[in-house]
2 protein chains.
Amino acid sequence: MLFHFKDQFPHLSTYWDKYLPHQKRLEVPAKTILLEEGKVSQQYIYIEKGCVRAFFNNNGDDKTLQFFFENEGLTSLPSFVNDTPSDITIETLEPSVIYLLPKKYVSQLMDEVSHEPGFLKMMLQIFARRQMHYSSLLISFIRDTPEQRYQNLLTERPHIVQRIPQHYIASYLGVSTVHLSRIKSKLAKGKPHF
Amino acid sequence: MLFHFKDQFPHLSTYWDKYLPHQKRLEVPAKTILLEEGKVSQQYIYIEKGCVRAFFNNNGDDKTLQFFFENEGLTSLPSFVNDTPSDITIETLEPSVIYLLPKKYVSQLMDEVSHEPGFLKMMLQIFARRQMHYSSLLISFIRDTPEQRYQNLLTERPHIVQRIPQHYIASYLGVSTVHLSRIKSKLAKGKPHF
DNA sequence: TAAACTCGATAACATATGTTATCGTTACGC
DNA sequence: GCGTAACGATAACATATGTTATCGAGTTTA
């Protein structure tokens with residue numbers, strides 16, 4: 001959060017600089033849990049290297065909601081803001097380098113910076129974008145078949161398909177691994193690439 | 001928007017009062033289009049009596065996103081804010097009494113009221129709530145079967161099931177009318193009510 | 001290197017859901 | 001009142017998707 005804002009709103013950078021030293025740097029292997037479903041989010045997560053996924057567990061099988069990569073920040077917003085148990089788990093998919101900023105510093109920073117004229121407009125932008133993201137995802141779920149969603153992923157976010165193991169992709173698309181395999185082989189037949 | 005805010009933030013009511021006279025009152029029959037897909041949203045819609053639905057068209061069949069009832073306000077936010085063509089259609093489902101407030105007054109009101117200390121916090125609340133709504137809808141689509149979603153609707157928003165014709169409910173749940181009928185008869189078998 | 005594990009493909013079968021068509025009921029315009 | 005359209009139930013069939021099991025190729029670990 002704080003971190004990409006720094007690029008977008010350089011005039012507020014003195015605030016960011018003041019708090020960056022409070023971050024904790026971590027090098028972790030793949031499959032490390034950064035936030036566990038049911039616990040309260042205590043820090044904001046920033047990814048320097050590697051990637052993570054956010055998912056929730058439903059009767060033993062994972063449902064992946066989102067992937068995050070280098071230079072992205074995340075947390076469970078409702079848990080972080082309201083001190084409620086998180087409904088999602090966040091785990092690394094590759095060996096990663098991440099930074100954690102404890103919640104109390106985030107709050108302090110928010111309080112300080114909220115007096116800045118640009119800040120609230122910025123927050124609105126963030127929220128509007130986030131809403132767009134969720135609503136377009138929702139619309140895609142309602143409107144498109146899994147095959148279309150997979151093709152969208154291929155054209156619009158190919159780095160995900162290249163980098164993420166396929167069964168996580170299936171979980172993200174909302175289909176079984178078997179069915180994603182079928183989709184792929186069907187597409188391969190229709191469009192030979194030689 | 002403006003209208004429920006008036007209840008929640010009475011200290012800002014002088015602002016609302018100033019702009020309410022600019023609304024246009026309309027009595028319309030059922031199936032009246034209030035905003036058409038592809039056109040730019042020009043006014044904010046408030047429902048005094050009746051109900052409407054927001055939907056988009058996909059190859060001839062409707063996909064309903066949301067229902068709105070008395071004392072609720074709506075518009076296509078992206079279209080309204082960015083002057084872009086709306087991706088949804090808004091139409092009445094019953095004979096309705098609605099109020100329209102042209103966009104220019106909404107903008108003026110926003111500008112005036114944005115200096116109020118409470119305003120931006122209020123906007124953040126609104127957006128956070130909206131995001132929760134979208135994300136929980138999305139999670140429900142990912143996690144639950146149509147049957148579970150229908151039961152959720154029955155328990156959490158029974159007024160919708162009672163009031164809205166069933167084929168719109170099917171469109172809202174993302175299933176065919178036939179399948180919703182099957183779901184209902186299956187539930188009726190499991191739980192006889194005599 | 002052997003064993004264990006991860007990942008992905010595929011087949012066979014089961015279930016969920018869509019499509020089309022038909023029918024009966026109700027509501028509504030004329 | 002009559003004709004028509006809207007609404008919903010149901011059947012028959014087609015397609016999409018899930019489940020389970022098996023196989024094989026890499027990778028990691030001891």
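All figures in this text were calculated on a predicted structure; none of them were measured in a lab. Quick note on labels: first sequence line is chain A, next is B, and so on, each numbered from 1.
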Ring-face cation of K103(A) near F80(A) (centre distance under 6.0 Å, axis angle within 45°):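 Judged by the rule, K103(A) and F80(A) form a cation-pi pair.
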
I47(A) vs N71(A), side-chain contact (heavy atoms from CB on, under 4.5 Å): CA-CA, chis, key distance, verdict: CA-CA 5 Å; I47(A) 306 169; N71(A) 305 318; over 6 Å; no

Of S176(A) and T177(B), the one whose closest DNA chain D nucleotide lies more 5':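 Nearest nucleotide further toward 5': that of T177(B).
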
Presence of salt bridge, E112(B) and K18(B), under 4.0 angstrom: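 Yes, charged N to carboxylate O under 4.0 Å.
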
Distance below 4.0 Å between Q166(A) side-chain N/O and dT6(C) OP1 or OP2: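 Q166(A) to dT6(C) OP1/OP2: no side-chain N or O under 4.0 Å.
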
Interatomic distance where NZ belongs to K184(A) and P belongs to dC7(C) [whole Å]: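 Value for this atom pair: 14 Å.
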
Whichever of L180(A) and K31(B) has its nearest DNA chain D nucleotide further upstream toward 5':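 This one resolves to K31(B).
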
Of V178(B) and I183(B), the one whose closest DNA chain C nucleotide lies more 5':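 The 5'-side residue here is I183(B).
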
Side-chain donor or acceptor of S140(B) paired with backbone N/O of L138(B) under 3.5 Å: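 No; judged by distance alone, with no hydrogens or angles, the pair does not exist.
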
Pair C51(A)-R163(A), side-chain contact (heavy atoms from CB on, under 4.5 Å): steps then yes or no: CA-CA 9 Å; C51(A) 62; R163(A) 189 166 171 181; 4.1 Å; yes

salt_bridge(E70(B), K49(B)) N-O dist < 4.0 Å: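 Between K49(B) and E70(B) there is a salt bridge, with a charged N closer than 4.0 Å to a carboxylate O.
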
Rounded interatomic separation in angstrom, taking NE2 from H167(A) and P from dA9(C):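 Checked: the NE2 to P distance equals 12 Å.
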
Contact interval (first through last nucleotide) of DNA chain D with protein chain B, 4.0 Å heavy-atom: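 Counting from the 5' end, contacts occupy dC7(D) to dA12(D).
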
